[in-house]
Amino acid sequence: QLQASGGGLVQPGGSLRLSCAASEFTFSTYAMSWVRQAPGKEHEFVAGIRWSGGRTYHADSVKGRFTISSDNAKNTVYLQMNSLKPEDTAVYYCAAAPSGVVYVSTDYYQYWGQGTLVTVSS
């Protein structure tokens, strides 16, 4: 089970940190990603991390602004979001792939959190 939290309302240029905590299983061989869905749009890959080795991947649209990280001891993945823009407004989901591969296509993630809403508006 994945539990995402940390969303909210923030002004353009502001920051938020999302958290995704796992229970009932550990991530030791998984890949974890953040995926978002804006109103009326498809799911979009945002960032991913390979639990083994910690290699990270970020979508071009968020590079330099968002950073994914993990805390193995807490079985938690984070998404630090800086310099937020109105177009970042979406429901953000954490997703897990047991294969350990960070997929850009959201079709391959087996486990999903419930989503947390991020609204960027003045």
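Side chains included, hydrogens not; waters and symmetry mates left out as well; all remaining heavy atoms used.
- Proximity of Gln11 to Ser121: side-chain heavy atoms (C-beta onward) are nowhere separated by under 4.5 Å.
- Here the rule is side chain to side chain contact (heavy atoms under 4.5 Å, CB included) with Leu84, and of Thr89, Thr119, Val120 only Val120 fits it.
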From CA spacing to verdict: side-chain contact (heavy atoms from CB on, under 4.5 Å), Gln114, Gln3: CA-CA 7 Å; Gln114 85 286 5; Gln3 184 73 33; 3.2 Å; yes
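- Nearest heavy atoms, Leu2 versus Cys20: CB-SG, 4.0 Å.
- Arg17 and Tyr78 form no side-chain donor-acceptor contact under 3.5 Å, judged by distance and modelled atom types alone.
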Check against side-chain contact (heavy atoms from CB on, under 4.5 Å), Ile49 and Val102: CA-CA 7 Å; Ile49 185 167; Val102 174; 5.8 Å; no
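- A continuous path of hydrophobic side-chain contacts links Val104 to Tyr93 [ILVMFWY only; heavy atoms under 4.5 Å].
- Ser99 contributes a side-chain N or O that, together with a main-chain N or O of Val101, makes up a donor-acceptor pair within less than 3.5 Å.
- Taking a cutoff of 4.0 Å between a charged side-chain nitrogen and a carboxylate oxygen, Asp88 and Lys85 do not qualify as a salt bridge.
- Considering all non-hydrogen atoms of both residues, Ser122 and Pro12 come closest at N-CD, 3.7 Å.
- Counting heavy atoms from C-beta on, the side chains of Phe66 and Gln80 never come closer than 4.5 Å.
- Rounded to the nearest 0.5 angstrom, Gln1 CD and Tyr111 OH are separated by 12.0 Å.
- Atom CD of Glu42 has 12 or fewer neighbouring heavy atoms from other residues, nucleotides or ligands inside a 6.0 Å radius.
- For the ring pair (Phe, Tyr, Trp, His ring centres under 6.0 Å) with His43, the qualifying choice from Trp112, Trp34, Tyr109 is Trp112, the only one to do so.
- Shortest non-hydrogen contact noted between Ser83 and Arg65 is O-NH1, 3.0 Å.
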side-chain contact (heavy atoms from CB on, under 4.5 Å) between Val35 and Tyr92, worked out: CA-CA 6 Å; Val35 173; Tyr92 285 71; over 6 Å; no
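- Shown here for Arg50 and Gly100, the closest heavy-atom pair between the two residues is NE-O, 3.2 Å.
- Put simply, the side chain of Ser15 never gets that close to the backbone of Asn82: no donor and acceptor are under 3.5 Å apart.
- Using a 3.5 Å distance cut-off with no hydrogens or angles, the side chains of Thr76 and Asp71 do not pair a donor with an acceptor.
- Minimum heavy-atom separation, Ala47 to Leu79: CB-CD1, 4.1 Å.
- Remark: Ser61 OG to Phe45 CZ distance equals 9.5 Å, nearest 0.5 Å.
- If you take CG on Asp60 and NE2 on His58, they are separated by 11.5 Å, rounding to the nearest 0.5 Å.
- Atom CG of Leu16 sits about 4.5 Å away from atom CE of Met81, to the nearest 0.5 Å.
- The distance from the OH atom of Tyr57 to the OG atom of Ser33 is 10.0 Å, given to the nearest 0.5 Å.
- Between atom CZ of residue Arg36 and atom CG of residue Leu18 there is a gap of 11.0 Å, rounded to the nearest 0.5 Å.
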